[in-house]
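None of the values given here were measured: they were computed from a predicted structure.
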Amino acid sequence: MAALDSLKLVAAKQVKGLDPKHLRRTKMLKKLKEQIDLAEGEVSGHTYIATKSRSVLNSETGVMESIQVPKRLKPWWWLQDNGKMCITLRYGAKALEISRGKNAIEVNGLDDIVAKLKVIKTAVEAGELDTQMESLSAQLKAGFAKRKASEKIHSKA
């Protein structure tokens, strides 16, 4: 028991799974990092290529291997008619409403995009967009539930 006396013993309970807010923040931060890297690449004149892992069967050995393949990455910014650029935050396939009725951030140019995306990243880390992401996530889940219900109806017919 002398060896155990040197340890700090506590009563702890392991938490199963992560908090949904934390998962949504992590997802958004990952996408923001990709957008920041894409914008920095455009500013510096280099092409940023995001990659993802894909498992493929090696035809010679018959063993599954993990390889890195390019990932299609669309910029979240675009040029308006007035010459200004706008950034929209995307969560899934939908634009995130940042403030009531406002879903875009106006910026002066490509150089300003990186700075604004970093400000947004700080806001996401602080949890300032949690309620917007939660409501959009609920809308996306509801859409999937409707689609599953209609698939069941069509499969019975």
Side-chain angles (χ1 to χ4, degrees), residues 12-57 64-157:
K13 183 179 177 184
Q14 184 177 3
V15 178
K16 303 285 184 193
L18 292 174
D19 179 30
K21 282 184 182 181
H22 180 71
L23 291 173
R24 284 190 287 272
R25 271 189 218 163
T26 304
K27 179 181 176 181
M28 179 60 86
L29 289 171
K30 180 180 172 191
K31 298 296 182 183
L32 277 168
K33 182 179 179 339
E34 288 177 345
Q35 291 297 316
I36 290 170
D37 291 343
L38 184 65
E40 286 174 343
E42 285 205 21
V43 167
S44 66
H46 294 86
T47 305
Y48 171 73
I49 299 173
T51 59
K52 62 182 176 181
S53 294
R54 172 148 301 163
S55 296
V56 294
L57 183 65
M64 291 296 282
E65 295 178 347
S66 180
I67 61 169
Q68 295 292 319
V69 294
K71 179 166 84 169
R72 190 175 93 196
L73 188 61
K74 294 181 181 180
W76 288 355
W77 61 87
W78 74 93
L79 187 63
Q80 282 187 314
D81 294 338
N82 63 3
K84 299 270 185 173
M85 296 187 91
C86 282
I87 305 171
T88 54
L89 302 181
R90 312 239 6 127
Y91 187 82
K94 296 196 176 226
L96 187 70
E97 191 174 80
I98 300 163
S99 179
R100 185 172 293 273
K102 298 185 175 153
N103 67 343
I105 301 160
E106 189 175 84
V107 295
N108 293 325
L110 197 55
D111 296 334
D112 199 23
I113 289 174
V114 176
K116 300 298 185 212
L117 285 172
K118 288 182 179 180
V119 170
I120 294 165
K121 181 180 174 196
T122 305
V124 170
E125 288 171 343
E128 294 179 29
L129 295 172
D130 282 350
T131 56
Q132 291 92 327
M133 287 190 291
E134 186 176 355
S135 66
L136 193 56
S137 177
Q139 289 175 8
L140 290 169
K141 286 179 185 176
F144 283 116
K146 287 179 186 176
R147 187 167 50 178
K148 278 188 174 182
S150 69
E151 287 175 1
K152 286 183 181 180
I153 292 170
H154 292 293
S155 66
K156 290 180 181 179

Trp77 and Leu38: side chain to side chain contact (heavy atoms under 4.5 Å, CB included), yes or no, with the steps?
-> CA-CA 11 Å; Trp77 61 87; Leu38 184 65; 3.8 Å; yes

Stepwise, does the side chain to side chain contact (heavy atoms under 4.5 Å, CB included) test hold for Ser66 with Arg54?
-> CA-CA 5 Å; Ser66 180; Arg54 172 148 301 163; over 6 Å; no

So do the side chains of Glu106 and Asn82 get within less than 4.5 Å of each other, counting heavy atoms only?
-> yes

Supply the atom-to-atom distance Asp130 CG to Glu128 CD, rounded to the nearest 0.5 angstrom.
-> 9.5 Å

With sequence neighbours left out, what residues match Glu34 under salt bridge (Lys or Arg N to Asp or Glu O under 4.0 Å)?
-> Lys71

Excluding sequence neighbours, so at least two apart, what forms salt bridge (Lys or Arg N to Asp or Glu O under 4.0 Å) with Arg24?
-> none

Within a strict 4.5 Å, meaning less than it, do heavy atoms of the Thr26 and Leu23 side chains meet?
-> no

Within the side chain of Gln139, is there an N or O that forms a donor-acceptor pair under 3.5 Å with the backbone of Glu134?
-> no

Do Ser55 and Glu65 have side-chain atoms, one donor and one acceptor, less than 3.5 Å apart?
-> no

Scanning both residues in full, the closest heavy-atom pair of Pro70 with Lys52 reads O-CE, 4.4 Å

Roughly how far, to the nearest 0.5 Å, is CG of Leu73 from NZ of Lys31?
-> 7.5 Å

Atom CG of Leu29 and atom CD of Glu125: how far apart are they, to the nearest 0.5 Å?
-> 5.5 Å

Do the side chains of Leu89 and Leu129 get nearer than 4.5 Å, heavy atoms only?
-> yes

Report the distance from atom CD of Glu97 to atom OG1 of Thr131, rounding to the nearest 0.5 Å.
-> 10.5 Å

Side-chain (Ser44) to main-chain (Glu40) donor-acceptor, under 3.5 angstrom | yes

Just jot down the salt bridge (Lys or Arg N to Asp or Glu O under 4.0 Å) partners of Lys33, sequence neighbours excluded, or say none.
-> Asp37

Minimum heavy-atom distance Leu140-Gly92, with the two atoms named = CD1-CA, 4.5 Å

Which heavy atom of Thr88 sits nearest a heavy atom of Ala104, and at what distance?
-> CG2-CB, 4.0 Å

Indicate yes or no for a side-chain donor-acceptor contact from Gln35 to the backbone of Trp76 under 3.5 Å, with no hydrogens or angles considered.
-> yes

Going from NZ on Lys116 to CD1 on Ile87, what distance comes out if it is rounded to the nearest 0.5 angstrom?
-> 8.0 Å

Dump the intermediate steps for side chain to side chain contact (heavy atoms under 4.5 Å, CB included) on Met28 and Leu96, then the final yes or no.
-> CA-CA 11 Å; Met28 179 60 86; Leu96 187 70; 3.9 Å; yes

Of the non-hydrogen atoms in Ala39 and Leu117, which two are nearest, and what is the gap between them?
-> CB-CD1, 4.4 Å

Partner of Met85 by side chain to side chain contact (heavy atoms under 4.5 Å, CB included), out of Asn108, Ile113, Ile105 = Ile113

After noting the C-alpha distance and the side-chain angles of Tyr91 and Lys27, does the key distance pass the side chain to side chain contact (heavy atoms under 4.5 Å, CB included) rule?
-> CA-CA 9 Å; Tyr91 187 82; Lys27 179 181 176 181; 4.0 Å; yes

